[in-house]
Amino acid sequence: MLTLQDKNIIITGASSGIGKECAILASKIGARVILIARNKEKLETTLSSMSGKGHIVLANDVTDYEKLKNDLSEIIETDFKCINGIVHCAGREMTKPFFLTKAEHFRELLEVHLIAGLELIRFCSKKDYLSEEGASYVFISSIMAELGSAGLSSHCASKSAITSTVKALALELASKKVRINSVEPGYVMTD
C-alpha cells in the first residue's frame, strides 16, 4: 500500500477540486501537508476533512513569489525541517474565443499553471529544504495539453508548457534525487 508516512508535502490549489482531494488523500496515507490557496475559508474546509495532525493552512496567491517564499521559509524552518514533495494543482479556468484572448490572458495562465510551480520547485530544492532522500514533484496538467479545444487556447498553451518543461526538469533534477512528473486528467466534476 502506498504510504506517505512522515513525509512533508506541499499542495497548491488545495481549496477545491483535485488539489483538495490530493490533500485529503495525502493526509489519509500519513503525510503532513502545507495547504496553499488564496481562499483561507475554503482551505479550512479542506483541513476539516483531513486525517492526522500537523497540517498547515497558508492562504497565499502562488504568484506572489516573495511572500510565498517568506511564509514557507518560516514554516519549513520552524515546523517541517524539509520538503519531500509538491503537488502543484493551482489553476485558473479561462474560456475565451481566440480572438478575444489577449497576451495578458496567456501570461496569467502560464504564470499560475507553470511558473508558480517552477518557482516553488526552485525554492524547495535548495539544499536547506530538500529532504536527504530526495523528493517527488507533481504538476497537475490537463488532457487539453494533448487534445486542444475551441475557446481554450490559453489553457491549452499553459498545460502543454508543463508537459515539455517537466521532461527537461526530470533530467536536470535527477542528480538531486528529485523525481518530477505531470498528470493529465480530463474534466473533473467539482463545485
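Here, residue 1 is the first one in the sequence, and each next residue gets the next number. Computed from a prediction, not measured in an experiment: that's the story for all the values here.
When atom types are taken as modelled, the side chain of H88 and the backbone of V112 share a donor-acceptor pair closer than 3.5 angstrom. Looking only at distances, a side-chain donor or acceptor of D61 sits under 3.5 Å from a matching main-chain atom of T63. For the pair S131 (side chain) and I83 (backbone), a donor-acceptor distance under 3.5 Å is absent. Side chain of S27 to backbone of I24: a donor-acceptor contact under 3.5 angstrom is found. For the pair K81 (side chain) and E77 (backbone), a donor-acceptor distance under 3.5 Å is present. Under a 3.5 Å cut-off, the side chain of T46 and the backbone N or O of A14 do form a donor-acceptor pair. Under a 3.5 Å cut-off, the side chain of S48 and the backbone N or O of T45 do form a donor-acceptor pair.
The two residues S182 and V166 make their nearest non-hydrogen contact at N-CG1, 3.9 Å. Closest non-hydrogen pair, L114 versus A161, comes out as CD2-CB, 3.8 Å. Considering all non-hydrogen atoms of both residues, T101 and S154 come closest at CG2-CB, 4.1 Å. Scanning all heavy atoms of the two residues, the minimum distance from V183 to P185 falls at O-CD, 3.1 Å. When all heavy atoms are compared, the tightest approach of A157 to L110 is O-CD2, 4.5 Å. The shortest heavy-atom contact between I11 and A26 is CD1-CB, 4.2 Å.
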task = Begin from the C-alpha positions of V62 and L120 and carry the test side chain to side chain contact (heavy atoms under 4.5 Å, CB included) through to its verdict.
result = CA-CA 8 Å; V62 293; L120 195 54; 6.0 Å; no
message = Please evaluate residues I121 and L173 with respect to the criterion side chain to side chain contact (heavy atoms under 4.5 Å, CB included), reporting the C-alpha separation (whole Å), side-chain torsions for both, the decisive distance (0.1 Å), and the verdict.
response = CA-CA 10 Å; I121 287 169; L173 297 179; 3.9 Å; yes
request  = Using the side chain to side chain contact (heavy atoms under 4.5 Å, CB included) rule, take F98 and L152 through it: C-alpha gap first, then chi angles, then the decisive distance, then the call.
outcome  = CA-CA 8 Å; F98 175 69; L152 294 177; over 6 Å; no
key: Step-by-step side chain to side chain contact (heavy atoms under 4.5 Å, CB included) determination, C82 to N84   = CA-CA 7 Å; C82 71; N84 302 98; 4.2 Å; yes
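Heavy atoms from other residues, nucleotides or ligands lying under 6.0 Å from NZ of K28 number 12 at most. A 6.0 Å sphere centred on NZ of K69 holds more than 12 heavy atoms belonging to other residues, nucleotides or ligands. Shown here is E132, whose CD atom has no more than 12 heavy atoms of other residues, nucleotides or ligands within 6.0 Å. Residue E44 qualifies as enclosed at atom CD: its count of foreign heavy atoms under 6.0 Å is above 12. Within 6.0 Å of the CD atom in E74, the count of heavy atoms belonging to other residues, nucleotides or ligands does not exceed 12. Within 6.0 Å of CD on E41 lie no more than 12 heavy atoms contributed by other residues, nucleotides or ligands. More than 12 heavy atoms of other residues, nucleotides or ligands lie within 6.0 Å of CZ in R92, so this atom counts as buried by the packing criterion.
Rounding to the nearest 0.5 Å places CD1 of I36 at 5.0 Å from CG of L58. How far CD1 of I56 is from CD1 of I76: 9.5 Å, rounded to the nearest 0.5 Å. Note that OG of S141 and CG of N181 are 12.0 Å apart. Values are rounded to the nearest 0.5 Å. Between the OG atom of S49 and the NZ atom of K20 there is a distance of 5.0 Å, given to the nearest 0.5 Å. Rounding to the nearest 0.5 Å places CG of L35 at 10.5 Å from OG1 of T12. Once rounded to the nearest 0.5 Å, the distance linking NE2 of H55 with CD1 of I9 reads 11.5 Å.
Linking ILVMFWY side-chain heavy atoms closer than 4.5 Å, directly or via other members, places L147 and Y187 in a single hydrophobic cluster. By the criterion of side-chain heavy atoms lying less than 4.5 angstrom apart, applied directly or through intervening Ile, Leu, Val, Met, Phe, Trp or Tyr residues, F139 is grouped together with L68 in one hydrophobic cluster. No single ILVMFWY cluster, assembled from side-chain heavy atoms under 4.5 Å apart, contains both I162 and I143. There is no path of hydrophobic side-chain contacts, each under 4.5 Å, that joins L130 to V33.
For R32 and F80, the positive end sits near the middle of the six-membered ring, less than 6.0 Å away and at most 45° from its axis.
Screening residues 103-133 for ring-ring contact (aromatic ring centres under 6.0 Å, His included), with sequence neighbours left out, gives H113-H155, F123-Y129. Within the structure, the salt bridge (charged side-chain N to carboxylate O under 4.0 Å, His left out) test picks out no pair touching residues 143-168 (sequence neighbours left out).
Looking at N60 and D71, their side chains come closer than 4.5 Å, going by heavy atoms from C-beta outward.
In the model, E93 has a side-chain atom that pairs as donor or acceptor with a side-chain atom of T95 under 3.5 Å. No side-chain N or O of S15 forms a donor-acceptor pair with one of N39 less than 3.5 Å apart.
Residue Y65 is found in a hydrophobic cluster whose other members, listed by chain and number, are I115; membership requires side-chain heavy atoms under 4.5 Å apart, directly or through intermediates.
Screening S125, C124, S136 against I86 for a side chain to side chain contact (heavy atoms under 4.5 Å, CB included) leaves a single residue, C124.
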